[in-house]
Amino acid sequence: MMNKKILFALFALGGLSVTGCQNNSVPQNNAELQNGGTLSQEKRLPAEKVFSGVVPCADCAGIETTLQLAKDGTYILGQSYLGAKSEEKTFFETGDWVVNGKKVVLSHEDDKKSYYQMKGENLIMLDISGQPIQSQHNYELKKVTPKKLAGEYSYFADSALFTDCQTGKRYDASENIDLERGYSAAGVEAGTPVYVELEGYYTLRPSMEDGLFDNSVIQTGNVHFDKAVSCNKK
């Protein structure tokens, strides 16, 4: 059973930032973006390994799970109980991770451990003793890779938000300088959502509020703004 205490993790290592020390270029003519132009730059690989999936739940519709394994050996695990009746539905935990043979071992702050079995690029959740769960249900978390994302981006008072067109879910977008620059070049009033397509992926990041975490979008490739389009018009 997962620890339901909300824990705090600080990822201040420069090597974990996907936006630091990059050579970004902004079109010299803002009209290029205002008319649906593209920001282009070198593609960047994720600076972490991220896995996601919905695993079975005894008293809810499923547990939406995101596991972020950082290069410094720390992790963030986010679990949302879908359709749960209790008010508190989302929980986070942090700690350290190591690879032991074909297993990924998570060590929680309270000395408890969780285990995952490698299956190609994906992970299979194991039981509390590190053994396969005897069930016909699916306990697999799939590796998250950059892909084309479509949504609406807005920026206001240092707050950047990306809303996925397909799911309607909102993601913090504060780590993406190319999105901020492209939005500025679009020439809209601050806070106005603008349709954008980008190459990227979803992960977890520490929130501005101590002990909490945000679902975040990380841009790894091209950005394409288009003021003439919206999620409802696609």
Side-chain angles (χ1 to χ4, degrees), residues 6 8-12 14 16-41 43-44 46-48 50 52 64 66 68 76 78 80 87 89-90 92 144 146-234:
I6 299 181
F8 175 66
L10 178 62
F11 291 84
L16 294 180
S17 172
V18 296
T19 57
C21 301
Q22 52 181 294
N23 183 17
N24 297 300
S25 59
V26 180
Q28 295 181 359
N29 184 357
N30 285 354
E32 179 182 345
L33 276 176
Q34 294 171 1
N35 295 324
T38 300
L39 282 174
S40 300
Q41 64 287 311
K43 293 185 178 181
R44 300 182 292 276
E48 66 222 346
V50 183
S52 70
E64 189 175 61
T66 300
Q68 184 245 68
I76 305 173
S80 295
E87 293 183 3
K89 299 179 181 180
T90 300
F92 299 97
V144 174
K147 63 180 181 179
K148 178 182 176 181
L149 304 175
E152 293 180 347
Y153 175 92
S154 62
Y155 185 90
F156 181 76
D158 293 330
S159 177
L161 185 68
F162 177 83
T163 303
D164 186 282
C165 281
Q166 184 175 1
T167 66
K169 291 183 178 180
R170 294 184 176 184
Y171 298 86
D172 175 71
S174 58
E175 292 192 23
N176 303 278
I177 189 64
D178 287 337
L179 285 172
E180 182 180 339
R181 290 176 176 177
Y183 182 79
S184 177
V188 298
E189 183 179 354
T192 302
V194 178
Y195 178 83
V196 63
E197 295 178 355
L198 64 131
E199 180 185 277
Y201 65 98
Y202 299 129
T203 186
L204 295 172
R205 286 288 185 268
S207 173
M208 294 296 290
E209 300 182 46
D210 288 354
L212 298 181
F213 298 87
D214 291 324
N215 291 310
S216 301
V217 62
I218 302 297
Q219 172 229 340
T220 58
N222 290 342
V223 175
H224 178 87
F225 280 89
D226 191 343
K227 293 192 299 182
V229 179
S230 69
C231 285
N232 294 332
K233 295 181 180 179
K234 290 297 290 184

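Predicted model only: the values in this text are computed from it and were never measured.
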Pairs satisfying salt bridge (Lys or Arg N to Asp or Glu O under 4.0 Å), at least one member in residues 160-172, at least two apart: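 Matches after skipping sequence neighbours: E64-K169.
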Return the minimal non-hydrogen interatomic distance between [X] and [Y], and the atom names on each side.
{"X": "T163", "Y": "G168", "answer": "CG2-O, 3.7 Å"}
{"X": "L179", "Y": "Q219", "answer": "N-OE1, 4.3 Å"}
{"X": "L204", "Y": "T66", "answer": "CD1-O, 3.7 Å"}

Taking only residues two or more places apart in sequence or in another chain, which ones pass side chain to side chain donor-acceptor pair (under 3.5 Å) with S80?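 If we apply the side chain to side chain donor-acceptor pair (under 3.5 Å) test to S80, skipping adjacent residues, the hits are T90.
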Who pairs with Y202 by ring-ring contact (aromatic ring centres under 6.0 Å, His included), at least two apart in sequence or on another chain?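 If we apply the ring-ring contact (aromatic ring centres under 6.0 Å, His included) test to Y202, skipping adjacent residues, the hits are Y171.
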Considering only heavy atoms from C-beta outward, does the side chain of [X] approach that of [Y] to under 4.5 Å?
{"X": "V223", "Y": "N176", "value": "no"}
{"X": "V144", "Y": "Q68", "value": "no"}
{"X": "N222", "Y": "E199", "value": "no"}

If the condition is side chain to side chain contact (heavy atoms under 4.5 Å, CB included), which residues does V194 pass it with, not counting sequence neighbours?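 Residues passing side chain to side chain contact (heavy atoms under 4.5 Å, CB included) with V194: Y183, V188, F225, K227.
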Roughly how far, to the nearest 0.5 Å, is CD of E48 from OH of Y201?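 Rounded to the nearest 0.5 Å, the OH-CD separation comes out at 3.5 Å.
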Output the distance between atom CD (E197) and atom CG (D226), rounded to the nearest 0.5 Å.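 Spacing of CD (E197) from CG (D226) equals 8.0 Å.
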Could you list the residues that satisfy salt bridge (charged side-chain N to carboxylate O under 4.0 Å, His left out) with K147, not counting sequence neighbours?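 Checked K147 against salt bridge (charged side-chain N to carboxylate O under 4.0 Å, His left out); zero matches.
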Throw together a table of side-chain donor-acceptor distances under 3.5 angstrom for residues 149-162, partners on residues two or more places apart or in other chains.
unit_1, atom_1, unit_2, atom_2, d
E152, OE2, C231, N, 2.9
Y155, OH, D158, OD1, 3.1

Please lay out, stage by stage, how V50 and I218 fare under the test side chain to side chain contact (heavy atoms under 4.5 Å, CB included). CA-CA 12 Å; V50 183; I218 302 297; over 6 Å; no
